[in-house]
Amino acid sequence: MEEQTNAPASERGFRAFLKRKQIEISPKRYFIDAMGSMALALFATLLMSSILGTLGDLIFGAASKTDFLHVIKTYAAQATGMAIGAAIAYNLKGSPLVIFSATVVGALSNSYAFPGLASDPARFAGVPYLGDMKFAAGPAGVFFVVIIATEVGKMVSKETKVDILVTPLTVLLSGFLASFLICPLVAFVMYWVMEFIGLATAFVPLLMGAVVAVIVGMILTLPISSAAICASIFAAGMIAESSRPESLYLAAGAACVGCCCQMVGFAAASFRENRWGGLVAQGLGTSMLQMGNICKNPRIWIAPTVASAISGALSTTVFRLRCVGLSAGMGTCGLVGPIGLFQAAETHDVRFWLGLVLLCFVVPVVVSVGLDLLFRRIGWVKDGDQKLAL
């Protein structure tokens with residue numbers, strides 16, 4: 001209170017203005033709340049597009065592109081940027097005009113290419129990696145650009161008598177400027193992160209399988225959207241432009257089984273405390289439910305994380321499970337992860353089915369329950385440490 005009293009009048013006025021406009025710059029608001037809404041938009045568009053496309057291939061054949069499933073698939077994929085834009089703007093409490101304008105910004109930033117590359121590709125022919133790839137920022141670009149455009153739009157929203165003109169114009173112009181400045185950088189960074197993962201997985205698949213599975217699996221349990229992150233890093237279009245696509249498919253497969261291990265592992269290890277309700281909530285919902293208990297006793301996180309490392313290492317070396325995009329960060333939520341492994345598999349032979357069942361279900365149950373029993377015996381974990389308020 002004293003700090004606010006001693007602040008200059010202009011600063012106090014600006015703070016009051018931001019508060020009135022419900023603008024709060026905080027990591028939680030952007031990287032947890034807004035990213036969570038982004039994941040829902042990805043699920044409703046990009047993921048459904050993939051699922052419907054697979055169903056269309058199975059029912060009508062891969063050559064058919066005019067049946068209703070393939071038609072819906074096409075439009076669902078095209079609406080990805082718009083849905084993310086609307087979801088983030090809605091989560092940030094934008095006015096209706098801000099939300100509707102954010103759909104345009106989302107569509108723009110989702111496909112915004114490196115300036116000049118689309119119109120004059122010959123100019124970049126001699127530049128490594130610029131001359132032969134499409135620089136699109138994708139969901140990661142949408143995330144940053146829409147946040148900026150939404151917050152700027154909220155500042156002018158309902159401040160004038162011509163709000164119906166001022167607000168959309170402000171959102172669109174700020175969204176374009178942010179896309180022009182940010183999207184090329186985001187695309188470049190995401191591309192090189194992806195290239196590093198692909199290169200490292202090609203050289204040390206055992207280690208990288210474990211590392212990717214552990215990191216993405218832990219992100220899934222944290223209040224951060226692993227699905228949104230995987231949709232950006234392992235996007236199908238970007239993988240196709242990479243120098244080591246097969247290694248990236250394997251890394252995405254490791255990420256998928258790592259997420260499955262977190263969810264199934266927690267569900268199995270805490271079954272004595274949460275019974276069937278907890279099994280379904282964590283196994284088919286999210287392991288994020290255990291975040292409060294992890295803060296109280298971080299040791300309960302060890303068992304599913306070890307399971308993630310084991311499954312990830314086996315995935316990239318022995319069973320070579322492949323995945324792509326959003327599915328890599330979904331785990332067993334609605335069985336989206338296993339479905340993604342099925343969709344990305346080159347062949348559905350015995351090795352594939354054995355790997356899917358073992359790494360997504362058997363290994364996390366056996367390892368997590370076994371380590372949990374050990375930790376309870378040595379006093380690291382006690383009854384009630386994994387109890388959920390269901």
Side-chain angles (χ1 to χ4, degrees), residues 27-28 30-48 50 80 84 87-88 91 138-140 142-144 186 189-190 193-194 196-197 201 208-236 238-239 248-267 281-291 294 301 304-305 307-309 311-312 315-316 321-341 343-344 359-360 364:
K28 176 186 179 299
Y30 296 138
F31 291 97
I32 296 178
D33 299 337
M35 190 173 282
S37 294
M38 173 183 172
L40 294 177
L42 284 166
F43 190 95
T45 53
L46 200 59
L47 180 65
M48 294 309 300
S50 178
T80 300
I84 297 174
I88 293 177
N91 183 276
V142 179
F143 174 74
F144 290 106
V186 171
V189 171
M190 296 305 295
V193 169
M194 182 189 67
F196 170 77
I197 293 174
T201 303
M208 279 303 294
V211 169
V212 170
V214 167
I215 292 176
V216 179
M218 294 182 76
I219 290 175
L220 174 103
T221 301
L222 290 167
I224 308 172
S225 176
S226 57
I229 293 173
C230 286
S232 299
I233 297 178
F234 298 119
M238 293 294 286
I239 289 180
L248 284 165
Y249 284 126
L250 295 179
C256 181
V257 299
C259 292
C260 292
C261 286
Q262 289 283 325
M263 298 176 65
V264 176
F266 270 122
Q282 296 172 95
L284 294 177
T286 176
S287 55
M288 200 183 299
L289 295 171
Q290 287 287 352
M291 203 60 234
I294 291 173
W301 209 357
T305 302
S308 294
S311 285
S315 177
T316 53
L321 295 179
R322 305 163 90 246
C323 199
V324 65
L326 178 72
S327 300
M330 290 295 293
T332 52
C333 177
L335 296 179
V336 171
I339 292 173
L341 295 175
Q343 292 173 330
L359 304 187
C360 294

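Source: prediction; values computed, not measured. Numbers here are sequence positions counted from 1.
Looking only at distances, a side-chain donor or acceptor of Ser308 sits under 3.5 Å from a matching main-chain atom of Gly258.
Screening residues 322-333 for salt bridge (Lys or Arg N to Asp or Glu O under 4.0 Å), with sequence neighbours left out, gives Glu246-Arg322.
Annotation: ring-ring contact (aromatic ring centres under 6.0 Å, His included) contacts of Tyr249 (sequence neighbours excluded): none. Partners of Cys259 according to the side-chain contact (heavy atoms from CB on, under 4.5 Å) rule, which considers only residues two or more places apart in sequence or in another chain, are Val216, Leu220, Ser226. Residues passing the side-chain contact (heavy atoms from CB on, under 4.5 Å) test with Ala140 are Val186, Met190, Ser232, sequence neighbours excluded. For Ala328, the side-chain contact (heavy atoms from CB on, under 4.5 Å) test picks out Cys230, Phe234, Ala252, Ala255, Cys323, with sequence neighbours left out. Checked against side-chain contact (heavy atoms from CB on, under 4.5 Å), Ile32 has the following partners two or more places apart in sequence or in another chain: Lys28, Pro223. For the side chain to side chain donor-acceptor pair (under 3.5 Å) test, residues two or more places apart in sequence or in another chain that qualify with Thr221 are Gln262, Ser287. Applying the ring-ring contact (aromatic ring centres under 6.0 Å, His included) test to Phe196 and every residue at least two apart in sequence or in another chain returns nothing.
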Can you list, pair by pair, the side-chain donor-acceptor contacts under 3.5 Å of residues 330-339, counting residues two or more places apart and other chains?
unit_1, atom_1, unit_2, atom_2, d
Thr332, OG1, Gly283, O, 2.4

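Remark: aromatic rings of Phe31 and Phe143 are close, center separation under 6.0 Å.
The distance from the OG atom of Ser315 to the CG atom of Leu359 is 6.0 Å, given to the nearest 0.5 Å.
Side chains of Gln290 and Trp301 form no contact here, defined as non-hydrogen atoms less than 4.5 Å apart.
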